[in-house]
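Please read the structure below before turning to the comments.
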Amino acid sequence: MPEGHTVHRTANQFNQLFGGQPITVISPQGRFAEGAKLVSGHKLVAAEAIGKQMFLRFDNDLTIRIHLGIYGKWGYLKLDGLEAEDPVGQVRARFSNAKAAADLRGPTVCEVISADEVRLVEQRLGPDPLNPNRANAEAQRFIDRVMRSRTPIGLQLMNQDVIAGIGNVYRAELLFRAGLNPHTPGNLLTREQLQGIWDDSVALLKVGVATGFMITRDELFKKRPKKADRNFVYKREGLACRECGVNIVIELMAARKLYWCPGCQK
DNA sequence: TCTGGATGTTCAT
DNA sequence: TGAACCTCCAGAG
């Protein structure tokens, strides 16, 4: 489920499994064979997530940048000294030590880049609500950026240069929780409204990191709700709004499905 | 068993 | 704006 929370969970898992240790990197599928050779056997200094991208920094100043895109998935194997079985299906990259292995399938990006190239990517990405550093400055950066543009807030929340880590599910749910019509131009919103969206994104993403699920209904945060119960509007087109009873609508916004409630989001 | 859809991004037109 | 990328899975039959 590649929105920002998933990538932060993966980075945490990588630091636990492989952090500070030499790591074997292979490409069973072959498409990452050259990159794997550059870093395999080197120590993983740290795994870091920014928005939907993960950076694996090695002790030879090279970094693997991974973006799952829409298809990408991770699978984990516990080894405890046993040999890993041959991968099933198209495994772009396998990361392993004696204790564990992580298989990467179908990513949009899996490449080795230099420290300078890492900085270029970091500069382009917008603030990440899960970035623990400079939390207040990051919020202001988000607010200023949104207010500069007439682009609808529903589009801006999907732009990784504006806010890194939000995808289609959180976009729909954040706007519902804020009571905002997705078509509202960014420059017509107030600082208070945008601060509210930012704070809510921090809270929802933290729930996502903790649970692994995109739960957006407060009363279900500490439970394990079924998929159909987790959200207010996402994938609920034609059903009655949980708050006002008006039917949830679906429309295409920049070729992505947008779900919202015309009753609650005036 | 088959088909369509999916939480995303980039590039060409 | 639409196609391409590329893999898995839920739902249909």
Side-chain angles (χ1 to χ4, degrees), chain A residues 1-11 27-33 35 49-55 64-77 86-94 102-111 113 117 120-126 128-130 151-152 154-177 182 200-201 204-217 225-238 248 250-260:
Chain A
M1 296 187 194
E3 291 197 28
H5 69 297
T6 315
V7 186
H8 282 263
R9 275 173 75 88
T10 305
S27 178
Q29 176 205 46
R31 286 188 51 185
F32 185 56
I50 304 178
K52 298 171 187 170
Q53 315 209 19
M54 183 164 78
F55 299 88
I64 298 182
R65 178 173 82 98
I66 294 167
H67 193 304
L68 291 179
I70 201 165
Y71 308 121
K73 277 194 172 50
W74 285 102
Y76 297 97
L77 307 165
D86 285 343
V88 179
Q90 298 284 310
V91 173
R92 179 78 57 87
R94 167 172 282 181
D103 284 349
L104 173 64
R105 297 159 196 275
T108 291
V109 175
C110 176
E111 63 178 7
I113 59 177
E117 290 169 311
L120 284 178
V121 178
E122 286 174 349
Q123 280 167 14
R124 187 183 63 75
L125 285 172
D128 179 344
L130 287 172
T151 302
L155 272 180
Q156 295 210 50
L157 286 180
M158 293 288 277
N159 183 347
Q160 301 302 299
D161 302 356
V162 174
I163 181 169
I166 299 302
N168 206 14
V169 179
Y170 282 130
R171 180 261 297 262
E173 296 294 309
L174 283 168
L175 289 173
F176 176 85
R177 287 165 61 96
D200 206 28
S201 74
L204 290 183
L205 282 163
K206 279 184 178 169
V207 170
V209 173
T211 64
F213 303 110
M214 289 185 275
I215 305 165
T216 54
R217 297 170 64 197
K226 287 182 294 185
K227 217 169 187 175
D229 296 332
R230 286 176 199 160
N231 306 120
F232 285 106
V233 291
Y234 181 73
K235 285 221 172 159
R236 297 197 73 247
E237 72 273 25
I248 305 298
I250 183 172
E251 65 182 85
L252 281 182
M253 183 182 257
R256 299 298 302 276
K257 286 178 179 173
L258 168 68
Y259 304 82
W260 63 289

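Only this structure's heavy atoms are used, side chains among them; waters, hydrogens and symmetry mates stay out.
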[X], nearest nucleotide to its side chain (from [options]):
{"X": "A/Arg31", "options": "B/dA6, C/dC5, B/dT10", "result": "C/dC5"}
{"X": "A/Arg105", "options": "B/dG8, B/dT10, C/dC8", "result": "C/dC8"}
{"X": "A/Glu3", "options": "C/dT7, B/dT7, B/dT9", "result": "B/dT7"}

Whole-Å distance separating the [atom1] atom of [X] from the [atom2] atom of [N]:
{"X": "A/Arg92", "N": "C/dC8", "atom1": "CZ", "atom2": "C1'", "answer": "15 Å"}
{"X": "A/Asp103", "N": "C/dC6", "atom1": "CG", "atom2": "C1'", "answer": "16 Å"}
{"X": "A/Lys73", "N": "C/dC8", "atom1": "NZ", "atom2": "C1'", "answer": "5 Å"}
{"X": "A/Arg256", "N": "C/dT1", "atom1": "CZ", "atom2": "C1'", "answer": "15 Å"}
{"X": "A/Gln160", "N": "B/dT9", "atom1": "CD", "atom2": "C1'", "answer": "9 Å"}
{"X": "A/Lys257", "N": "B/dG8", "atom1": "NZ", "atom2": "C1'", "answer": "15 Å"}
{"X": "A/Leu157", "N": "B/dG8", "atom1": "CG", "atom2": "C1'", "answer": "16 Å"}
{"X": "A/Leu252", "N": "C/dG2", "atom1": "CG", "atom2": "P", "answer": "9 Å"}

query: Does A/His5 have its ring centroid less than 6.0 Å away from the ring centroid of A/Phe213?
result: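 No, ring centres 6.0 Å or more apart.
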task: Decide whether A/Gln29 and A/Arg92 meet the rule of one side-chain donor and one side-chain acceptor closer than 3.5 Å.
output: yes
Backbone N or O of [Y] within a donor-acceptor pair of the [X] side chain at under 3.5 Å?
{"X": "A/Glu173", "Y": "A/Phe232", "result": "yes"}
{"X": "A/Glu3", "Y": "A/Val169", "result": "yes"}
{"X": "A/Asp128", "Y": "A/Gly51", "result": "yes"}

- request: Check every strand shown and say whether A/Tyr234 touches a base, only sugar-phosphate, or nothing at a heavy-atom separation below 4.0 Å.
  value: sugar-phosphate
query: Contact class for A/Gln29 vs. all strands (heavy atom < 4.0 Å): base, sugar-phosphate, or nothing?
result: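 Answer is sugar-phosphate: A/Gln29 comes under 4.0 Å of backbone atoms only.
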task: For nucleotides C/dA3 and B/dG5, find the distance between their P atoms and express it as a whole number of Å.
output: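 Looking at atom P only, C/dA3 and B/dG5 are 14 Å apart.
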field: Side-chain N,O (A/Lys52) to OP1/OP2 (B/dT7) below 4.0 Å
entry: no
